[in-house]
Amino acid sequence: MACVGGRRNASAGIRWHRFAVSLAALGLGGCSQLPLLDPQGPVGRAELHLIGIAFTLMLIVVIPVIVMAIWFPWRFKASNPRGEYDPAWYYSPRIDLLVWLVPAIIVVVLGILTWRGTHRLDPFRPIDAGVRPVRVEVVSLDWKWLFIYPDLDIATINQLVLPAHVPVSFRLTSDTVMTSFFIPHLGSQIYAMAGRQSRLHLLADHTGVYRGQNQQFSGRGFADMHFQVRVVSRTQFAAWAKRAGQGRPRLDLARFRRLSRPSTREPVADYAPVNRGLFQDIIDGFRDGHGPLAAAQAGR
């Protein structure tokens with residue numbers, strides 16, 4: 001991800017790629033993710049760039065097929081005297097070469113792009129922005145999100161506050177079934193699984209309020225399992241962290257057990273301080289059955 005920090009592709013190719021993908025979004029209708037067309041960070045821009053190139057390459061096959069589907073019946077209809085009729089024709093080496101060669105070249109190019117893009121946009125790879133990243137531990141619950149800031153000793157429910165122009169290092173797990181953490185404006189969907197830890201690195205370079213969501217169906221409260229992402233300046237982030245750490249209820253194991261009970265549309269809340277090692281305790285409670293939370297999971 002270190003090589004996606006620049007904005008060299010943002011001005012030159014982003015407009016065509018946004019236009020190309022917009023055409024696809026119109027065809028997909030309700031299945032489209034419009035925030036993907038408005039990236040607010042280097043990872044999202046790089047992913048849109050890759051999607052646009054792939055879409056354009058596939059049009060090399062799609063557009064001629066559409067043209068031929070219209071032109072062939074008109075050109076060779078029975079009432080057209082110019083249409084040649086050769087009942088003995090069965091093979092053309094030039095057509096066979098074209099039919100196989102063009103798709104093969106496209107597949108090879110897409111394969112190279114996918115290989116390079118997969119390694120360049122590896123979610124486990126830190127973003128080199130010249131500043132220390134903000135660490136956030138993400139826990140997926142039924143049906144809400146818990147965000148722990150271990151360096152700030154605070155936690156939030158259903159609200160993620162991030163400083164602009166500062167990389168964010170996420171550790172993710174689930175206290176329930178598998179879910180998918182996704183902020184479409186920033187890119188890189190990643191799964192959270194019980195008893196496992198995943199990693200994700202993102203950066204937002206524009207302030208604003210964005211929407212995060214769970215993309216993996218996880219039961220009856222799935223539709224309401226989203227959260228607010230507030231990207232603010234570094235000064236505003238420091239002020240928010242100071243306010244969030246004052247006069248808040250402590251997030252200990254007992255309070256976490258109450259939070260982990262299934263509920264929907266949980267209001268935004270701040271907690272401070274946070275039990276040290278809570279994130280790892282959540283993982284260990286599923287991994288070996290002997291963690292501090294094993295009894296909590298067994299009694300649900």
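Computed over heavy atoms, backbone and side chain alike; hydrogens, waters and symmetry mates excluded. For reference, positions follow the sequence shown, starting with 1.
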Side chain proximity check, [X] to [Y], heavy atoms < 4.5 angstrom:
X	Y	answer
Arg94	Leu97	no
Val168	Leu160	no
Arg120	Leu50	no
Asn275	Phe256	no
Gln228	Val209	yes
Arg220	Trp143	yes
Ser140	Leu172	no
Leu37	Leu48	yes

[X] atom [atom1], over 12 foreign heavy atoms within 6.0 Å:
X	atom1	result
Arg250	CZ	yes
Trp100	CH2	no
Tyr91	OH	yes

task: Could you tell me how the ring of Phe76 sits relative to the ring of Trp71: parallel (under 30°), tilted (30 to 60°) or perpendicular (over 60°)?
output: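 Correct class here is perpendicular.
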
Parallel, tilted or perpendicular: rings of Trp145 and Phe181 (30°, 60°)
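Perpendicular, since the angle between the ring planes exceeds 60°.
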
Set of residues satisfying side chain to side chain contact (heavy atoms under 4.5 Å, CB included) with respect to Thr114, sequence neighbours excluded
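Only Thr118 meet the side chain to side chain contact (heavy atoms under 4.5 Å, CB included) criterion with Thr114.
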
Are the side chain of [X] and the backbone N or O of [Y] linked by a donor-acceptor pair below 3.5 Å?
X	Y	value
Arg199	Ser169	no
Asp153	Val274	yes
Lys144	Asp142	yes
Gln236	Ser233	yes
His201	Pro123	yes
Thr173	Ala192	no

What is the distance from atom [atom1] of [X] to atom [atom2] of [Y], rounded to the nearest 0.5 Å?
X	Y	atom1	atom2	value
Phe222	Thr264	CZ	OG1	14.0 Å
Gln215	Met225	CD	CE	11.5 Å
Ile154	Leu251	CD1	CG	11.5 Å
Leu253	Leu278	CG	CG	6.5 Å
Glu137	Gln197	CD	CD	8.0 Å
Phe170	Leu162	CZ	CG	5.0 Å

Please find the pair of heavy atoms, one from [X] and one from [Y], that lie closest to each other, and give the distance.
X	Y	result
Arg276	Asp281	O-OD2, 4.5 Å
Val231	His206	CG1-O, 3.3 Å
Gly41	Leu186	N-CD2, 4.4 Å
Leu203	Pro167	CD1-N, 3.7 Å
Arg211	Gln213	NE-OE1, 3.7 Å
Tyr149	Val161	OH-O, 2.8 Å

Hphob cluster co-occupancy, [X] + [Y], side-chain heavy atoms under 4.5 angstrom:
X	Y	value
Phe72	Trp74	yes
Ile106	Leu98	yes
Val131	Leu152	yes
Ile283	Met178	no
Val139	Tyr191	no

Let's go through Met58 and Leu110 carefully: what are the C-alpha distance in whole Å and the side-chain angles of both, what is the deciding distance for side-chain contact (heavy atoms from CB on, under 4.5 Å) to 0.1 Å, and is it a yes or a no? CA-CA 9 Å; Met58 288 183 284; Leu110 286 175; 4.3 Å; yes

(Q) Ile157 vs Tyr271, test: side-chain contact (heavy atoms from CB on, under 4.5 Å). Steps then yes/no. (A) CA-CA 8 Å; Ile157 283 287; Tyr271 300 92; 3.7 Å; yes

Review point. For Phe279, which residues count as a ring-ring contact (aromatic ring centres under 6.0 Å, His included) partner, sequence neighbours excluded?
Key: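 Expected list: none.
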
Pairing donors with acceptors under 3.5 angstrom, does anything connect the side chains of Glu266 and Ser263?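 Indeed, the side chains of Glu266 and Ser263 share at least one donor-acceptor pair under 3.5 Å.
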
Within the 3.5 Å criterion, strictly below it, is a donor on Asp38 or Gln40 matched to an acceptor on the partner's side chain?
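Yes - a donor-acceptor pair under 3.5 Å links their side chains.
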
I'd like to know whether Gln189 forms a side-chain contact (heavy atoms from CB on, under 4.5 Å) with Gln216, so could you lay out the CA-CA distance, the side-chain angles of the two residues, the decisive distance to 0.1 Å, and finally the verdict.
CA-CA 10 Å; Gln189 176 183 193; Gln216 174 75 24; over 6 Å; no

Considering residues at least two apart in sequence or located in another chain, which fulfil the side-chain hydrogen bond (donor to acceptor under 3.5 Å, both in side chains) criterion with Glu47?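 Residues passing side-chain hydrogen bond (donor to acceptor under 3.5 Å, both in side chains) with Glu47: Ser188.
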
Next item on the list: Using the side-chain contact (heavy atoms from CB on, under 4.5 Å) rule, take Val138 and Phe227 through it: C-alpha gap first, then chi angles, then the decisive distance, then the call.
Entry: CA-CA 12 Å; Val138 182; Phe227 58 94; over 6 Å; no

